[in-house]
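Just below is one structure, and these are the notes that go with it.
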Amino acid sequence: MIHEIFKKSPQFLNFLKTVKNKLQAHSFLLISKDAFSAEKMADLFAEALLCADVCGECENCKKVLNKTHPDVKYFPEGAKLLVEDSKKIVEESFIKPIFSDKKIFIISNVDLSTEEAQNKLLKSLEEPQKNVYYILTASNINKVLPTIRSRCDKISLLPLSQQTIAEIISGDEKRKDLALKLGQGYVAKTIELSKKNNLLELFDIAVGLLKDLSSSKDALAWSKKIIDQKNDFNLIIEILSLLIEDALLIKVDKKSIITFENNREDVEKIAHALSIKCLSQLQSVLNKVVKDISFNVSLPLVADNLVMKILEVKYLCK
């Protein structure tokens, strides 16, 4: 099902057209915030290079789909591309393919690699062997060396529609809907969220902080709720931010484009209770919390500060 969805994407259909017309480059950089989508598309590109019809039935297609094709090499071997990986790629690029007429290197998350590893890879991209192809993936193009970028055909993978992703996830309808909204068209994120048994609880915590938190005597209880969900603290912050954005949209009469339309009643109560000034200041509070977490400030301290700051902003904006 997922394979077929990506086969119908405009990015893949355009690539397929260049392959059939023999106009394809030797190096490609697939850019997506969703590593899952980039991985699936990289496999599809490899399949298209080895089978013009992308039939899914021939030995080339089957081996690519099973990640057992001897002429399709996957890197890095560890968490991120290292100089040793780049050296192996350079060396293996001179070895002839043994099953097909092409050799393909799929290099994932090149943006996470060191500058030294990227520079070592550069020579292969600058002077590729006639039958060798490179498919790189990255979530942040700005962390890919300009010299690498300039030698690749850059292809941005757009998020899929929520309707499309809905066909491939399962679970409780409320949780599924919330996962689709928070996933924002990214397959891996949506699938992961749809499997979270506590997703609705996280949403209720975020709503409660904005709608129900009103007194300092309640602060400790709310802080504990956050700490109890310590593994999903960043998700609570993300939900809070989207709720604030939705409330602001309602304030300016743009109800039709809110994210949480199935939870409009909650969002409208938040919008009714809080002014535009208050909502804007709360967004600034969340930005500060994200910075604190990135600096490894302890979660209990961050949770306490978050609750007290929300109370403070609400009080000052009365």
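Sequence positions, counted from 1, serve as the residue numbers for this chain. Note that the structure is a prediction, hence the values are computed from the model and not measured.
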Any Lys/Arg nitrogen of [X] or [Y] sitting under 4.0 Å from an Asp/Glu carboxylate oxygen of the other?
X	Y	result
K225	E201	no
K87	E84	no
K176	D172	no
K196	E192	no

**Request:** Please indicate whether E116 has more than 12 foreign heavy atoms, meaning atoms of other residues, nucleotides or ligands, lying under 6.0 Å from its CD.
**Result:**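 12 or below, so no.
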**Request:** Would you indicate whether K189, at its atom NZ, is surrounded by more than 12 heavy atoms from other residues, nucleotides or ligands within a distance under 6.0 Å?
**Result:**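 More than 12 heavy atoms, drawn from other residues, nucleotides or ligands, come within 6.0 Å of this atom.
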**Request:** Classify the angle between the aromatic ring planes of F45 and F15 as parallel (below 30°), tilted (30 to 60°) or perpendicular (above 60°).
**Result:** parallel
**V290 reachable from I236 in the ILVMFWY side-chain graph, under 4.5 Å edges** =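 Yes, I236 connects to V290 through the hydrophobic network.
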Within the distance-only criterion (no hydrogens, no angle test), does the side chain of [X] pair as donor or acceptor with the backbone N or O of [Y] below 3.5 angstrom?
X	Y	answer
D177	E173	no
D71	S100	yes
S280	I276	yes
H26	L125	no

Side-chain heavy-atom pair [X], [Y] within 4.5 angstrom cut-off:
X	Y	result
E59	F99	yes
V302	I226	no
L279	K251	yes

